[in-house]
Amino acid sequence: MSSSIKQSNVITCKAAVAWGAGEALVMQEVEVSPPHPQEIRIKVVTTSLCRSDLSALDSHAIFPRIFGHEASGIVESIGEGVTEFQEGDHVLTVFTGECKTCRQCMSGKSNICQVLGLERRGVMHSDQGTRFSINGKPVYHYCAVSSFSEYTVVHTGCAVKVSSAAPLEKICLLSCGLAAGLGAAWNVADISKGSTVVIFGLGTVGLSVAQGARIRGASQIIGVDTNPEKCDKAKDFGITEFINPNDCNEPIQQVIKRITDGGADYSFECIGDTGMITTALQSCCDGWGLTVTLGVPKVKPEVSAHYGLFLSGRTLKGSLFGGWKPKSDLPSLVDMYMNKEIQIDEFITHNLPFEEINKAFELMREGKCLRCVIHMPK
């Protein structure tokens with residue numbers, strides 16, 4: 001079938017549709033429009049469940065909606081003017097794009113694209129419309145990706161071409177959480193050899209920070225989590241000491257300051273709790289202590305901290321996608337995985353078929369998984 005004929009076709013496929021906050025996803029037929037100019041339609045191969053999908057499902061007001069953003073797939077068709085991709089290309093989707101022409105993309109200082117940045121309204125960047133519908137009524141997008149569908153449409157700036165030799169069922173983790181943690185360690189904090197690190201929250205992002213710190217040669221990597229079952233797993237990624245705050249009879253920041261001789265060089269907040277940001281700042285050392293916050297808070301988005309923490313030389317930095325420019329940088333991370341320089345497989349605790357996607361949400365709610373990879377029908 002020629003490209004032009006394909007472009008005129010609407011695809012009917014299965015998608016896991018969210019109809020209300022906290023409700024189970026409903027597997028049903030949706031119509032997927034052909035790609036518009038500078039867009040591609042992707043056959044999703046695998047999509048992994050990220051905690052931000054769960055947080056948005058539980059709290060977001062835009063419904064009906066198709067969630068999912070951490071995914072891999074194969075280009076099924078291309079829209080008008082697309083030269084970067086061809087049908088059959090293997091791609092990763094990304095929730096924050098890279099246009100390569102805006103002030104931020106051109107600066108070399110940022111990965112916050114002004115054109116294809118984080119999309120919160122449930123529509124496409126280009127025309128503020130949707131590409132999904134049920135019985136002629138729109139179904140909204142999530143982060144301009146919506147990978148909980150057998151097919152999806154994304155802007156070309158929100159997809160990254162990768163080697164066809166890389167296993168799509170593994171590298172899908174690089175399209176969000178794993179890359180975010182590695183980048184926070186390498187790009188945002190720029191962890192130095194021999195330094196001390198403390199990480200609050202040992203999910204996929206926190207353990208990716210640990211992996212990045214270990215690769216950089218940090219001498220002490222302290223993991224903080226209230227789930228005791230994470231202790232052994234964390235050591236596989238570089239955690240040298242595990243602390244459960246529930247087992248401490250003093251504030252956790254005091255424990256950390258004592259075992260690091262005055263505070264860590266770097267601390268990372270990977271929970272999504274703005275109150276924990278203050279604790280992370282207090283766990284850093286005077287003079288040069290750096291706190292990086294990666295988590296997305298469900299409640300109380302405002303951050304408060306005593307000004308004295310900053311007068312004493314501490315720094316607080318935010319991190320979106322680990323500072324990576326997705327189209328420019330993700331292929332190198334795929335290469336690192338293929339060369340066995342970074343771990344991915346060890347983060348995958350569950351593999352489930354698409355029809356069991358609600359089970360994946362249950363596992364995440366219960367804290368029983370790191371990454372659950374959802375496999376689409378072949």
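Quantities reported herein were computed from a predicted structural model and do not represent experimental measurements.
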Are the side chain of W288 and the backbone N or O of D265 linked by a donor-acceptor pair below 3.5 Å? no
Is the backbone N or O of I271 less than 3.5 Å from a side-chain atom of E269, with the two atoms forming a donor-acceptor pair by type? yes
List the atom of V10, the atom of E31, and the distance in Å for their closest heavy-atom pair. CG1-CB, 3.8 Å
Can you confirm whether K300 is buried at NZ, in the sense that more than 12 heavy atoms of other residues, nucleotides or ligands lie under 6.0 Å from that atom? yes
In short, side-chain hydrogen bond (donor to acceptor under 3.5 Å, both in side chains) pairs touching residues 211-223 with sequence neighbours left out are D190-R216, R214-Q343, Q220-E241
Basic-acidic side-chain contact under 4.0 Å: D58, R51: no
Nearest heavy-atom approach of E39 to S126 is OE2-OG, 3.0 Å
Is a donor on one side and an acceptor on the other found under 3.5 Å between the side chain of N9 and the backbone of I11? no
Partner of F95 under ring-ring contact (aromatic ring centres under 6.0 Å, His included), picked from Y142, W324, F321, is F321
Look only at the side chain of Q128 and the backbone of H125, and say whether a donor-acceptor pair between them is shorter than 3.5 Å. yes
Taken to the nearest 0.5 Å, the spacing of F200 CZ from T226 OG1 works out to 12.5 Å
Roughly how far, to the nearest 0.5 Å, is CG of L370 from CG of L363? 11.5 Å
Would you say the side chain of I239 lies within less than 4.5 Å of the side chain of I222, judging by non-hydrogen atoms? no
Is a side-chain donor or acceptor of D89 paired with a backbone partner of Q86 at a separation under 3.5 angstrom? yes
Pairs satisfying side-chain hydrogen bond (donor to acceptor under 3.5 Å, both in side chains), at least one member in residues 246-262, at least two apart: E250-R258, Q253-Q282
Apply the test side-chain contact (heavy atoms from CB on, under 4.5 Å) to residues C176 and H69: give CA-CA distance (whole Å), side-chain angles for both, the deciding distance (0.1 Å), then the verdict. CA-CA 8 Å; C176 181; H69 62 283; 3.4 Å; yes
Does the side chain of C372 come within less than 4.5 Å of L352's, by heavy atoms? yes
Would you please test C158 and T93 for side-chain contact (heavy atoms from CB on, under 4.5 Å) and show each step? CA-CA 6 Å; C158 295; T93 60; over 6 Å; no
Using modelled atom types only, decide if a donor and an acceptor are shared between the side chain of D345 and the backbone of K170 within a distance under 3.5 Å. no
Tell me if a side-chain donor or acceptor on R131 pairs with a main-chain N or O of T152 at a distance below 3.5 Å. no
OH of Y140 to CD1 of I62, rounded to nearest 0.5 Å, is 8.0 Å
Determine whether a donor-acceptor pair (N or O, by modelled atom type, separation under 3.5 Å) exists between the side chain of E23 and the backbone of A18. no
SG of C143 to CD of E70, rounded to nearest 0.5 Å, is 11.5 Å
Do K100 and K327 make a side-chain contact, defined as non-hydrogen atoms from C-beta onward lying under 4.5 Å apart? yes
Which heavy atom of A71 sits nearest to which heavy atom of V44, and what is that distance? CB-CG1, 4.5 Å
What verdict does the side-chain contact (heavy atoms from CB on, under 4.5 Å) test give for L116 and T96, after you've listed the backbone C-alpha separation in whole Å, the side-chain angles of each residue and the deciding distance to 0.1 Å? CA-CA 6 Å; L116 301 171; T96 179; over 6 Å; no
Heavy-atom pair with the smallest gap, counting every atom of L294 and G181: CD2-CA, 4.3 Å
Test: E29 and K14 ion pair at under 4.0 Å: yes
Would you check if V123 and H141 make a side-chain contact, meaning some heavy-atom pair closer than 4.5 Å? no
Sub-4.5 Å side-chain heavy-atom contact between S195 and S192: yes
Just checking F237 against F347, ring centres under 6.0 Å apart? yes
Return yes if some donor-acceptor pair links the side-chain N/O of S267 with the main-chain N/O of A280 below 3.5 Å, else return no. yes
Can you tell if the side chain of L320 reaches within under 4.5 Å of the side chain of I112, non-hydrogen atoms only? yes
So I74 and V91, do their side chains get closer than 4.5 Å, heavy atoms only? no
For the OG1 atom of T291 and the CG atom of L309, what is their distance to the nearest 0.5 Å? 8.5 Å
Give a yes or no answer on whether the side chain of T204 reaches the backbone of L178 with a donor-acceptor pair at less than 3.5 Å. no
Worked verdict on F354 versus H375 for ring-ring contact (aromatic ring centres under 6.0 Å, His included): CA-CA 6 Å; F354 187 33; H375 296 254; over 10 Å; no
What's the shortest heavy-atom distance between L25 and A16, and which atoms? CD1-CB, 3.8 Å
Compare all side-chain heavy atoms of S328 with those of E98 and state whether any distance is below 4.5 angstrom. yes
For L207, run the side-chain contact (heavy atoms from CB on, under 4.5 Å) check against D236, I199, L202 and tell me which one passes. L202
Regarding K233 and E346, does a basic nitrogen lie under 4.0 Å from an acidic carboxylate oxygen? no
Heavy-atom pair of closest approach, residues S147 and T47: OG-OG1, 2.8 Å
